[in-house]
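Below is one structure, written out as structure tokens; comments come after it.
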Amino acid sequence: VPTMPEGNPPPTVLLVHGGASSSHYWDLLVPHLRPPPLAIDLPGRPGGPPADPLELTADACSASVVAAMDASGVGDCVVVAHSSGCYFVPGIVARAAGRVRAIVLSPPCVIPEGGCGLDAMQPRYKAMNIENLAEARAEGRVFTTAGPPAEPEWLRNAYGVTLTDE
């Protein structure tokens with residue numbers, strides 16, 4: 001393991017995905033990071049603990065992330081959060097007992113004062129989510145996001161530019 005100048009091992013990179021995704025969002029990045037990062041799955045998302053999004057809180061998501069850190073033995077870390085995964089960073093920092101050395105927000109969603117996660121979405125995504133939540137409730141089921149496709153290559157063009165491994 002490479003060491004930092006102080007002789008300490010480098011911090012673990014903790015990867016927190018956005019709302020309509022899972023830990024697989026980071027699949028193209030993970031092989032390039034050392035030491036191996038921890039890409040977690042948020043509650044109510046594919047691979048994450050079961051949760052009802054209408055009852056899920058930012059505090060519960062933050063607690064879930066820190067529980068995954070603890071279970072994996074993560075000490076010092078750099079938190080990298082994407083989109084609505086950024087909502088949970090303050091709670092992660094507060095719960096992680098001084099282990100967070102840096103934060104990277106890419107691109108952050110910011111909830112308006114007094115608002116909720118839906119208020120930070122583009123209007124068309126907000127409307128789609130409200131409709132999907134109502135449909136799930138009418139059918140007596142929990143609404144969860146499907147997560148990314150099995151093949152992550154589509155992410156290379158997701159933001160209007162072609163990303164490379166460089």
Side-chain angles (χ1 to χ4, degrees), residues 1-6 8-49 51 53 56-112 115-122 125 129 144-166:
V1 174
T3 57
M4 296 176 64
E6 299 83 23
N8 296 321
T12 299
V13 176
L14 176 69
L15 301 169
V16 183
H17 64 79
S21 194
S22 72
S23 61
H24 292 290
Y25 175 82
W26 305 103
D27 284 355
L28 296 174
L29 177 64
V30 166
H32 301 283
L33 299 175
R34 296 289 177 268
L38 175 60
I40 59 91
D41 285 301
L42 292 169
R45 307 313 193 284
L56 193 58
T57 64
D59 192 51
C61 287
S62 300
S64 178
V65 171
V66 175
M69 290 171 61
D70 293 342
S72 298
V74 172
D76 288 348
C77 66
V78 173
V79 177
V80 178
H82 174 254
S83 190
S84 61
C86 298
Y87 299 159
F88 316 119
V89 172
I92 294 167
V93 172
R95 291 175 172 274
R99 294 181 280 172
V100 177
R101 296 290 169 240
I103 298 167
V104 179
L105 306 176
S106 170
C109 276
V110 179
I111 300 172
C116 69
L118 287 172
D119 297 326
M121 293 181 178
Q122 293 178 15
Y125 293 130
N129 277 288
T144 59
T145 57
E151 175 51 56
E153 285 296 316
W154 73 272
L155 293 171
R156 290 186 185 276
N157 297 302
Y159 294 100
V161 296
T162 300
L163 302 175
T164 69
D165 289 341
E166 305 305 311

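A quick note: this is a predicted structure, and the numbers were derived from the prediction, not measured.
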Rounded at 0.5 Å granularity, tell me how far SG in Cys109 sits from OH in Tyr125. 10.5 Å
Run the side chain to side chain contact (heavy atoms under 4.5 Å, CB included) test on Leu15 and Val30 for me, step by step, so that the C-alpha distance in whole Å, both residues' side-chain angles and the decisive distance to 0.1 Å come before the verdict. CA-CA 9 Å; Leu15 301 169; Val30 166; 3.9 Å; yes
Rounded to the nearest 0.5 angstrom, the OG-CG distance for Ser72 and Leu38 is 4.5 Å
His17 side-chain N/O to His24 backbone N/O, donor-acceptor pair under 3.5 Å: no
Find the distance between OG1 (Thr57) and OH (Tyr87) and round it off to the nearest 0.5 Å. 14.0 Å
Does this structure show an ion pair linking Arg95 with Asp70, if we count only N-O contacts that are shorter than 4.0 Å? no
Pair listing, salt bridge (charged side-chain N to carboxylate O under 4.0 Å, His left out) test, anchored in residues 74-89, at least two apart: Asp76-Arg101
Using atom types as modelled and distance alone, determine if a side-chain donor or acceptor of Ser64 lies under 3.5 Å from a backbone N or O of Ala60. no
Partner of Cys61 by side-chain contact (heavy atoms from CB on, under 4.5 Å), out of Leu56, Ile92, Val16: Leu56
Do Arg99 side-chain atoms and Ala96 backbone N/O form a donor-acceptor pair below 3.5 Å? yes
Work out which heavy atom in Ala39 is nearest to a heavy atom in Ser23; give both atom names and the distance. O-CB, 3.5 Å
Residues Val80, Trp26; criterion side chain to side chain contact (heavy atoms under 4.5 Å, CB included); working and verdict: CA-CA 10 Å; Val80 178; Trp26 305 103; 3.9 Å; yes
Would you sort out whether Val79 and Val93 count as a side chain to side chain contact (heavy atoms under 4.5 Å, CB included), showing the intermediate values? CA-CA 9 Å; Val79 177; Val93 172; 5.5 Å; no
Please walk me through it: do Ser21 and His82 pass side chain to side chain contact (heavy atoms under 4.5 Å, CB included)? CA-CA 10 Å; Ser21 194; His82 174 254; 6.0 Å; no
Minimal non-hydrogen separation, Ala68 against Ile40, with atom names: CB-CG2, 3.7 Å
Where do Pro35 and Pro10 come nearest, in terms of heavy atoms and distance? CD-CG, 3.6 Å
